[in-house]
K.L.:
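Structure in structure tokens, see below.
These figures come from a predicted structure and were not determined experimentally. Side chains are part of it too, since the values below use all heavy atoms of this structure and drop only hydrogens, waters and symmetry mates. In what follows, chains are A, B, ... by sequence order, proteins preceding strands, each numbered from 1.
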Protein chains: 2
Amino acid sequence: MARRNTNRRVGIADVAEKAGVSHATVSRVMNGNAAVDPGIAARVRAAAAELKYQPNPVGRSLALGKTDTIGIVVPDLANPTFQAILRGLSIAAAQDGYRVLIADSSEVTSEEAILAGEARRRCDGVVLCAPRMGDAELEELAPTLHPLVLINRTTIATNTPSLSVDYGQGIQELAQHLVSLGHRRLVFLSGPEHSASNRQRLVGLDQFRKEHPEIELQMLPGGSNFDSGHECTDAIIASGGTGILAFNDLVAMGLLSGLHERGIRVPEDISVTGFDDIPFAKYTTPPLTTAAVPINELGSLAWRRMREQIQQTGDAPAQAQDEFSPRMEIRKSTAAPALKPA
Amino acid sequence: MARRNTNRRVGIADVAEKAGVSHATVSRVMNGNAAVDPGIAARVRAAAAELKYQPNPVGRSLALGKTDTIGIVVPDLANPTFQAILRGLSIAAAQDGYRVLIADSSEVTSEEAILAGEARRRCDGVVLCAPRMGDAELEELAPTLHPLVLINRTTIATNTPSLSVDYGQGIQELAQHLVSLGHRRLVFLSGPEHSASNRQRLVGLDQFRKEHPEIELQMLPGGSNFDSGHECTDAIIASGGTGILAFNDLVAMGLLSGLHERGIRVPEDISVTGFDDIPFAKYTTPPLTTAAVPINELGSLAWRRMREQIQQTGDAPAQAQDEFSPRMEIRKSTAAPALKPA
DNA sequence: AATAAGCGAGAAAGCGTTTTCTCAGAGGGT
DNA sequence: ACCCTCTGAGAAAACGCTTTCTCGCTTATT
């Protein structure tokens with residue numbers, strides 16, 4: 001067996017011995033499950049206090065079949081959006097006595113299922129945040145993860161609660177905003193290939209194209225962070241576009257920085273929009289026009305949906321599908337273009 | 001006992017039965033600990049694969065006495081500095097097969113010890129990040145947390161590995177920078193009362209005062225986030241200071257925003273400095289002069305120090321005390337004051 | 001007063017692993 | 001041919017807890 005009971009941490013047996021009762025009774029007192037003689041209960045509590053006894057959560061988890069922990073897997077912990085979700089989730093869960101275990105897939109699609117599975121085995125449930133995996137894989141994985149909440153992704157077959165944002169609508173509104181300012185040549189700096197929210201933006205922009213055939217709209221491959229925005233600077237300049245729709249605020253900020261380095265003024269020469277409205281978006285130079293996603297609510301709502309499943313006594317699921325609409329935040333990074341288009 | 005073994009997840013017993021061996025043998029095969037007949041091993045592996053067997057980590061943890069998880073407790077998960085540390089820690093730990101459990105004390109000092117204790121019981125070690133608790137309490141708590149790594153805090157009696165930043169030196173350099181620009185009336189917007197790094201800044205500023213008796217240096221109570229910086233705007237204006245040393249970048253950004261609302265120009269009317277150099281500091285309006293802390297290294301180094309303790313076979317500790325010096329980042333939020341002081 | 005009912009505490013099983021202990025059988029040495 | 005050693009697999013204990021089961025004791029009922 002494992003380590004011999006040399007200088008072991010104080011366990012239930014120690015308390016039982018000190019109080020002169022069986023460990024079953026100690027357990028009963030600590031959990032208040034069954035009726036225990038008040039005198040004995042007091043003796044047990046005194047012994048526990050004196051020994052500073054704290055139940056071992058691992059033993060407890062094994063016996064109870066629950067860990068009071070949920071896992072969250074995110075594609076990139078450096079992204080403020082995911083940080084905010086994590087924070088909201090953690091705080092909400094803590095209020096109900098749950099902890100959160102984190103897993104960062106670092107945008108490595110093939111790792112997601114493994115990380116999620118591992119997390120699920122250690123936890124009572126999993127929040128899968130913006131998974132990059134394919135629909136088929138997700139569909140197959142979802143049931144095995146069961147108390148599962150999806151963020152920025154939905155399943156069809158398996159009825160899993162999900163939280164989503166209407167990125168398609170948001171990007172259309174941003175494009176519309178640029179057009180109404182007078183822009184005629186737009187560029188979309190797309191996000192990670194496997195990002196579902198990126199696909200939603202693309203679908204939204206297709207719709208936009210249909211409604212505005214007169215507007216030129218280019219697509220440029222990008223990424224999801226500062227650096228990818230920064231790296232796109234020259235491609236953006238070469239594109240001749242005057243209204244740039246960045247995949248998110250981070251990309252927009254990287255681009256802002258790159259344009260500044262090249263001496264190109266925003267918004268005088270080029271207008272730039274972000275997406276998400278991360279807390280810093282209003283502090284950029286210039287403050288960023290963006291579509292605000294309620295990132296603070298996302299985390300806490302994810303916990304609520306998770307809790308509903310965990311507490312569920314086993315009957316009707318009634319899985320909620322929550323959808324949020326982004327809210328336009330018009331700031332200083334967008335303005336009418338200086339030159340009339342051809 | 002707990003739930004009856006109704007439709008249970010597949011366990012080691014199922015694999016054993018399918019392979020026609022005892023579960024002890026299955027365990028041996030899965031862990032490769034003892035010699036097992038190659039034929040039997042193959043049979044076991046086939047059975048495990050067919051049943052998609054994955055060992056239950058909780059049972060494993062109980063038997064092994066380890067969870068392959070470490071905890072981190074931070075005062076505020078909304079702070080990008082702690083987010084960066086968390087991220088660095090998580091990624092580094094993941095590389096060695098460890099996960100991280102998070103606990104956010106929300107700046108409630110009295111919660112820290114409890115959260116840390118709980119985390120320690122569930123995990124193989126704890127990283128205590130910028131704890132706000134008193135020295136006495138920390139000294140007392142440290143041994144009970146044992147595989148422990150401290151960030152922004154040290155212990156004297158108990159020899160615990162710690163990572164610290166020389167905030168005292170950093171704040172002096174920032175003050176010196178303002179003075180060399182011509183500022184004569186400085187204001188320090190102090191941080192959370194119980195923050196050790198705030199105390200270090202105060203000590204550094206005391207030193208600064210001795211070396212520059214001609215400079216007026218006021219202290220104003222503040223906080224550690226956007227809002228506290230924002231709320232201080234009027235007090236800052238009333239102070240008459242021209243060079244403002246904010247507790248950190250977040251406070252500085254809040255102040256920037258407040259000053260902008262009042263129509264006060266930075267750096268023309270007032271110069272502002274931050275601290276930490278969070279990723280967004282270079283994108284503020286104007287870009288923030290600050291003292292850069294190597295936040296990316298902090299997390300990964302914390303893991304290295306933790307791993308050293310976990311792997312330690314029990315002999316000589318040799319606990320490392322790492323100290324970093326902040327690096328000045330002079331940007332656009334500081335400039336020579338417009339008016340000569342009286 | 002005798003029996004039923006009820007309360008409460010100990011014994012023991014069970015949660016899912018790992019690991020020691022034990023022992024059967026194979027193989028080699030004398 | 002016999003005994004000893006060695007390999008390797010099963011039995012069982014251990015990890016630390018919760019909870020069912022069981023049973024002794026007290027109290028109420030007729």
K.L.:
Run the salt-bridge test on R132(B) and E107(B) with the 4.0 Å N-O cut-off and return the result as yes or no.
P.N.:
yes

K.L.:
Look for any protein N or O under 3.5 Å of an N or O in nucleotides 4-11 of chain C and output each such pair with its distance, or none.
P.N.:
unit_1, atom_1, unit_2, atom_2, d
dA9(C), OP1, D37(A), N, 3.1
dA9(C), OP2, D37(A), N, 3.2
dG10(C), OP2, S22(A), N, 3.1
dG10(C), OP2, S22(A), OG, 3.2
dG10(C), OP2, T25(A), OG1, 2.6
dG10(C), N7, R28(A), NH2, 2.7
dG10(C), O6, R28(A), NH1, 3.3

K.L.:
Give the rounded distance in Å between these two atoms: CG of D14(B) and P of dC15(C).
P.N.:
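Interatomic distance, CG of D14(B) to P of dC15(C): 11 Å.
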
K.L.:
In this structure, how many angstroms lie between the C1' atom of dT19(C) and the CZ atom of R60(B), rounded?
P.N.:
13 Å

K.L.:
Show me the pairs that pass salt bridge (charged side-chain N to carboxylate O under 4.0 Å, His left out) and involve residues 32-53 of chain A, at least two apart or across chains.
P.N.:
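Those involving residues 32-53 of chain A are K18(A)-E50(A).
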
K.L.:
Which atom pair, heavy atoms only, marks the closest approach of G134(B) to R153(B)?
P.N.:
C-NH2, 3.5 Å

K.L.:
Counting distance only, does the side-chain N/O of N31(A) pair as donor-acceptor with the main-chain N or O of S27(A) below 3.5 Å?
P.N.:
yes

K.L.:
Restricting to pairs with a member in residues 116-131 of chain B, which pass salt bridge (charged side-chain N to carboxylate O under 4.0 Å, His left out), not counting sequence neighbours?
P.N.:
R99(A)-E118(B)

K.L.:
Quick one: bend of the helix from dA1(C)-dT30(D) to dT30(C)-dA1(D) from 5 pairs per end, to 10°?
P.N.:
60°

K.L.:
Without decimals, in angstroms, what is the distance between D68(B) CG and dT18(C) P?
P.N.:
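To the nearest whole Å, that distance equals 12 Å.
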
K.L.:
OP1 or OP2 of dC15(D) sitting under 4.0 Å from any side-chain N/O of N56(A)?
P.N.:
no

K.L.:
Measure the distance from CG on L64(A) to C1' on dC15(C) and round it to the nearest whole Å.
P.N.:
10 Å

K.L.:
If only side-chain N and O atoms count, and only distance matters, is there a donor-acceptor pair under 3.5 Å linking S164(B) with S162(B)?
P.N.:
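S164(B) and S162(B) do not have a side-chain donor-acceptor pair below 3.5 Å.
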
K.L.:
Between T25(B) (side chain) and V21(B) (backbone), is there a donor-acceptor pair under 3.5 Å?
P.N.:
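Side chain of T25(B) to backbone of V21(B), a donor-acceptor pair under 3.5 Å: no, none is there.
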
K.L.:
Separation of E17(A) atom CD from dG16(D) atom P, in whole Å?
P.N.:
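My rounded result for the distance is 15 Å.
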
K.L.:
To the nearest angstrom, how far is M30(A) atom CE from dG16(D) atom C1'?
P.N.:
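Interatomic distance, CE of M30(A) to C1' of dG16(D): 13 Å.
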
K.L.:
Could you tabulate the donor-acceptor pairs under 3.5 Å formed by side-chain atoms of residues 137-150 of chain B, not counting sequence neighbours?
P.N.:
unit_1, atom_1, unit_2, atom_2, d
E139(B), OE1, A157(B), N, 3.2
E139(B), OE1, T158(B), N, 3.3
E139(B), OE1, T158(B), OG1, 3.1
E139(B), OE2, I156(B), N, 3.0
T144(B), OG1, L141(B), O, 2.7

K.L.:
Rounded to the Å, how far apart are I12(A) CD1 and dA14(D) P?
P.N.:
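Answer to the nearest Å: 17 Å.
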
K.L.:
Please table the atom pairs, donor to acceptor, closer than 3.5 Å between any side-chain atom in residues 74-87 of chain B and protein atoms at least two apart or in another chain.
P.N.:
unit_1, atom_1, unit_2, atom_2, d
D76(B), OD1, A78(B), N, 2.9
N79(B), OD1, T81(B), N, 2.8
N79(B), OD1, T81(B), OG1, 3.1
T81(B), OG1, D276(B), OD2, 2.9
Q83(B), NE2, L77(B), O, 2.9

K.L.:
Report yes if a side-chain nitrogen or oxygen of Y53(B) is closer than 4.0 Å to either non-bridging phosphate oxygen (OP1 or OP2) of dT17(C); otherwise report no.
P.N.:
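Checking dT17(C) against Y53(B), a side-chain N or O does come within under 4.0 Å of OP1 or OP2.
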
K.L.:
Would you kindly give the CZ-to-C1' distance between R43(B) and dG10(D), to the nearest whole Å?
P.N.:
13 Å

